[in-house]
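In what follows, every heavy atom counts, from backbone to side chain, and hydrogens, waters and symmetry copies are set aside. Throughout, numbering of the chain's residues begins at 1 and tracks the sequence.
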Amino acid sequence: MIFYFSGTGNSKWIAEQLAGVLKEQLIFILEAMRNAVTHYELADKEKVGFVFPIYSWGPPPIVLQFLQGLSLSNYHSQYFFFVCSCGDDTGLAQQVFCDAVAAKRWRCDAGFSVTMPNNYVLLPGFDVDSKEVEKRKLDDAVQRVAEVGEMIEERTKSFQCNEGRFPFIKTKLINPLFIKKGISVGKFHVTDACIACKRCEKVCPMLNIVMVGWKPVWGADCTSCLACYHVCPQKAVQYGKATKKKGQYFNPNVK
């Protein structure tokens with residue numbers, strides 16, 4: 001089985017490709033959490049995978065929360081892996097995730113990163129990729145995911161994550177600050193360009209947006225996945241002034 005979390009579709013696309021190749025059940029983490037499904041029965045030699053995006057050089061907190069509460073029976077000979085999507089590099093996300101798995105007294109056998117188009121736009125200096133870079137990353141990802149799928153199928157024990165430069169600083173110093181201060185719904189709002197199409201409400205993986213008086217209203221349960229911002233056809237969804245001149249990206253291969 002493959003557990004996945006995705007906001008703008010990169011990780012969802014990866015998870016769907018792997019599930020198709022590996023013939024594994026695909027489970028959306030937030031749906032499982034909403035239905036309070038935390039226990040799963042494993043078959044002998046079943047593969048267990050997690051697919052998720054990188055959040056400021058670490059796994060998303062919601063993924064670690066789900067992993068912490070996850071129960072797997074008949075766990076003994078299974079192959080446990082993760083695949084993370086990143087715009088550039090992963091920092092020490094591999095270490096963070098493997099430590100979380102080890103805390104469950106399980107063993108992570110493999111981990112892979114797949115470079116995908118950037119989507120983080122809330123801080124100065126961060127923006128989506130140019131259309132040329134976006135296309136190149138999407139094209140390259142097809143071969144990369146195929147290679148990762150082959151290694152998982154062969155139960156290869158390997159870790160191939162692009163840590164990048166200064167991984168310790170990024171994951172151990174910057175990531176905790178991001179988790180504490182950067183995951184916030186406070187500045188989300190819509191401009192007068194909003195046409196009440198409800199796309200932001202429908203795309204929110206947390207079901208955190210509701211339409212009130214033909215305008216979206218954000219609740220407190222936000223993961224800062226930015227799906228609402230990137231999916232808006234009018235670019236009416238904004239985050240304070242941070243996103244005013246930023247681009248948009250949503251994986252074109254997912255619905």
Side-chain angles (χ1 to χ4, degrees), residues 5-12 30 52-63 85-91 93 115-135 137-138 164-166 169-252 254:
F5 167 70
S6 184
T8 58
N10 284 337
S11 294
K12 181 180 181 181
L30 292 179
F52 53 84
I54 291 296
Y55 269 33
S56 184
W57 303 288
I62 196 72
V63 172
S85 62
C86 62
D88 296 292
D89 50 42
T90 67
T115 302
M116 299 291 285
N118 279 297
N119 64 4
Y120 190 73
V121 296
L122 299 190
L123 289 174
F126 288 81
D127 203 346
V128 300
D129 295 315
S130 67
K131 289 301 179 182
E132 292 76 15
V133 173
E134 176 185 315
K135 183 179 186 304
K137 286 185 175 181
L138 289 172
R165 301 178 64 190
F166 313 116
I169 293 175
K170 290 175 177 177
T171 301
K172 299 299 183 179
L173 300 181
I174 299 176
N175 179 264
L177 291 175
F178 173 81
I179 299 303
K180 184 177 181 179
K181 301 290 187 178
I183 299 180
S184 171
V185 73
K187 296 182 181 180
F188 277 112
H189 68 280
V190 288
T191 68
D192 292 339
C194 177
I195 57 174
C197 66
K198 299 185 179 182
R199 291 189 185 183
C200 57
E201 179 185 41
K202 294 175 182 177
V203 80
C204 178
M206 301 295 291
L207 305 184
N208 188 52
I209 301 173
V210 295
M211 300 297 292
V212 177
W214 298 99
K215 297 292 182 182
V217 174
W218 283 258
D221 197 13
C222 178
T223 66
S224 288
C225 71
L226 307 187
C228 57
Y229 165 80
H230 288 290
V231 81
C232 181
Q234 301 296 111
K235 204 179 178 183
V237 175
Q238 295 289 316
Y239 189 84
K241 297 180 180 180
T243 52
K244 188 176 181 180
K245 297 181 179 181
K246 301 293 182 70
Q248 291 175 294
Y249 166 78
F250 207 93
N251 190 292
V254 298

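- From Q234, atom CD reaches atom CD1 of I195 across 4.5 Å, with rounding to the nearest 0.5 Å.
- Listed for the K215 side chain is no donor-acceptor partner under 3.5 Å among the backbone atoms of H189.
- For K235, there are no salt bridge (Lys or Arg N to Asp or Glu O under 4.0 Å) partners two or more places apart in sequence or in a different chain.
- Scanning all heavy atoms of the two residues, the minimum distance from C194 to P216 falls at SG-CD, 3.9 Å.
- In this structure, A227 and T8 approach most closely via the heavy-atom pair CA-CG2, 4.0 Å.
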Run the side-chain donor-acceptor check on residues 200-211: report pairs under 3.5 Å with partners two or more places apart or on a different chain.
residue : atom : partner : partner atom : Å
E201    : OE2  : M211    : N            : 3.4
N208    : OD1  : G219    : N            : 3.4
N208    : OD1  : A220    : N            : 3.4
N208    : OD1  : D221    : N            : 3.0
N208    : ND2  : G219    : O            : 3.1
N208    : ND2  : D221    : O            : 3.4

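- Within the structure, side chain to side chain donor-acceptor pair (under 3.5 Å) contacts touching residues 120-129 (residues at least two apart or in different chains) are N118-D129, D129-K137.
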**Message:** Under the criterion side-chain contact (heavy atoms from CB on, under 4.5 Å), I'd like the reasoning laid out for C86 against W57: C-alpha separation, chi angles, the key distance, then a yes or no.
**Reply:** CA-CA 9 Å; C86 62; W57 303 288; over 6 Å; no
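- Every side-chain contact (heavy atoms from CB on, under 4.5 Å) that S11 has, sequence neighbours left out, goes to S6, V51, P53, S85.
- In this structure, the side chains of P61 and T223 stay at 4.5 Å or more apart for every pair of heavy atoms.
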**Steps toward side-chain contact (heavy atoms from CB on, under 4.5 Å) verdict (F166, L173)** = CA-CA 11 Å; F166 313 116; L173 300 181; over 6 Å; no
When the side chains of residues 177-188 are checked against the rest of the protein, which donor-acceptor pairs come out under 3.5 Å, sequence neighbours left out?
residue : atom : partner : partner atom : Å
S184    : OG   : G186    : N            : 3.2

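- For the atom pair CG (L226) and CG (L122), the distance works out to 4.5 Å, reported to the nearest 0.5 Å.
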Show me, pair by pair, the donor-acceptor contacts under 3.5 angstrom made by side chains of residues 240-249, not counting sequence neighbours?
residue : atom : partner : partner atom : Å
T243    : OG1  : Q238    : OE1          : 2.8
T243    : OG1  : Y239    : N            : 2.9
K246    : NZ   : V121    : O            : 2.8
K246    : NZ   : L123    : O            : 3.1
K246    : NZ   : F126    : O            : 2.8
Q248    : NE2  : Y229    : O            : 2.8
Q248    : NE2  : C232    : O            : 3.0
Y249    : OH   : N10     : OD1          : 2.6
Y249    : OH   : N251    : ND2          : 3.3

